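Counting starts at 1 for both ligands and their atoms, in listed order. Bear in mind that the values here come from a model prediction, so they are computed numbers and not experimental data.
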Amino acid sequence: MKAAVFRGPRNLSIENYPLGKLEPRYIRVQIEACGICGTDFHIYTGESYSKPPVIPGHEFTGIVVDKGEGAYNFNIDDHVAVDPNIYCGECQYCREGKINFCSNLKALGVSLNGGFAEYSIVPISQAYLIPKEFSFLSAAFAEPLSCCVRGIDNASIKLGESVVIIGGGTIGLLMLQLVKLRGAGKTILIEPVEKKRNLALSLHADFVFDPNSPEMKRDISDLTSGGPDVVIECAGNSAAANLAVSLPKRGGRVVIFGLSEKKDTMNITLQDFFLKELSIKGSLLNPFTFSRAVELLVTGKVKPDRLQPEIMPLRDLKKILSEPRKSSVIKYQITPN
Ligand SMILES: [Zn+2]
Ligand SMILES: [Zn+2]
């Protein structure tokens, strides 16, 4: 089969790769769509924990074309979305139900072969059925959406509360749709790129701001009677996190969702933290949220096509990962077949 293989930092080759043997309780999936995410850029440059050789791509969907012994729940021709994060079920965290902290976590497309290939071998525990008439491209958003569902759960938004989202990329625009579903009151998105701000408005953000506008903080405070109830940070850098903790009103909550670099830190005035009784939470991976994400997609409650993904063939993957990221493109998706 044709596959994109990570052979070392900045060394990704499209090559013929063995199909691999199908063990019991595994299915072979013909990949119809696989999203490119920030993690794939980190894998390409060698900054992730991926060890070569490995086939990256962890946001994928496709058709079941073969199944090993014991894969009773799946039939040939079933359409599936794949949760790439594989928990061991045996470590202390897994036994406490905190599977996203699993000490032996493995992930398809990161530490195991993933979806930038014509086929992938997937443990049945990781596959979720999707309706045959549903778009593979939309279903390939199930993984990032399942992580956003975790973030929204952690934000505990109440009906009518005001919410600020920082960052209007894939995650920010998925979060925006979830925040609306959650019954938020005023919803505000902060994003420097105009095209993304306009997309946010088309997805019913009540207000959008360029973070470089000098009046932004005052305007947000005026719009929300002293600050939002909830801030969700989806940009993954120090400036965004510092802004996130500075915005909420007293009693407010902050979810730091974006994946920042190791050197990045957050500044917070301790008296502010004390007087506001702020709650600050992280959000890691997608523990037990994948089936809810699939349900939100197949019922049309969340519409990832509104993010206008760019669909590319497998042969263009290296070019996309090696060139500077285009701020105008929100999401790339690869269709290997
Ligand atoms: Zn991802
Ligand atoms: Zn574990």
Side-chain angles (χ1 to χ4, degrees), residues 4 6 12 31 33-45 47-50 54-62 81-117 120 122-123 125-126 128 136-152 167-175 178 233-236 256-261 282-290 293-294 296-297 302 304 307 309-310 312 317 320-321 325 329-334 336:
F6 170 65
L12 184 93
I31 311 295
C34 184
I36 300 183
C37 125
T39 305
D40 298 307
F41 287 88
H42 283 126
I43 292 173
Y44 178 73
T45 54
E47 292 161 80
S48 82
Y49 66 93
S50 284
V54 71
I55 300 170
H58 60 272
E59 303 179 356
F60 61 97
T61 57
V82 175
D83 176 1
N85 299 312
I86 304 173
Y87 313 105
C88 79
E90 293 168 14
C91 71
Q92 188 194 343
Y93 284 120
C94 281
R95 288 180 169 204
E96 291 171 356
K98 300 168 187 167
I99 57 173
N100 52 331
F101 306 138
C102 174
S103 310
N104 308 304
L105 184 82
K106 288 181 184 149
L108 300 169
V110 184
S111 51
L112 302 168
N113 287 339
F116 291 140
S120 187
V122 174
S125 61
Q126 306 309 115
Y128 290 72
F136 287 113
L137 291 163
S138 291
F141 280 87
E143 195 273 342
L145 184 64
S146 68
C147 295
C148 292
V149 169
R150 167 74 172 181
I152 293 290
T170 301
I171 296 297
L173 294 172
L174 290 175
M175 285 290 195
L178 294 175
E233 182 283 315
C234 310
I256 302 291
F257 188 92
L259 173 61
S260 47
E261 290 178 30
S283 183
L284 179 67
L285 299 176
N286 55 354
F288 306 117
T289 56
F290 205 89
V294 168
L296 288 166
L297 289 168
V302 172
L307 278 52
E310 298 242 350
M312 308 294 268
L317 179 64
I320 296 166
L321 293 178
R325 285 205 233 177
V329 179
I330 292 163
K331 187 77 175 175
Y332 285 107
Q333 293 189 301
I334 300 288

Q) the Zn ion (ligand 2) as vertex, arms to SG of C88 and SG of C94: angle to 10°? A) 120°

Q) Got more than 12 heavy atoms from elsewhere within 6.0 Å of CD, Q92? A) no

Q: Taking the Zn ion (ligand 1) as the vertex, measure the angle between atom NE2 in H58 and atom SG in C37; round to 10°.
A: 100°

Q: Give a yes or no on whether C147 keeps an N, O or S atom under 2.8 Å from the Zn ion (ligand 1).
A: no

Q) Distance-only, no hydrogens or angles: does the E233 side chain make a donor-acceptor pair with backbone N or O of G258 under 3.5 Å? A) yes

Q: Over 60° means perpendicular and under 30° means parallel, so classify the ring planes of Y128 and F290, tilted if in between.
A: tilted

Q: Rounded to the nearest 0.5 Å, what's the gap from CD1 on I330 to CG on L307? Could you check?
A: 5.5 Å

Q.
Rounded to the nearest 10°, what angle sits at the Zn ion (ligand 2) between SG of C102 and SG of C91?
A. 120°

Q) Is the Zn ion (ligand 1) under 2.8 Å from any N, O or S atom of E59? A) yes

Q.
Let me confirm one number: the OH-CG distance from Y87 to N100, rounded to the nearest 0.5 Å.
A. 6.0 Å

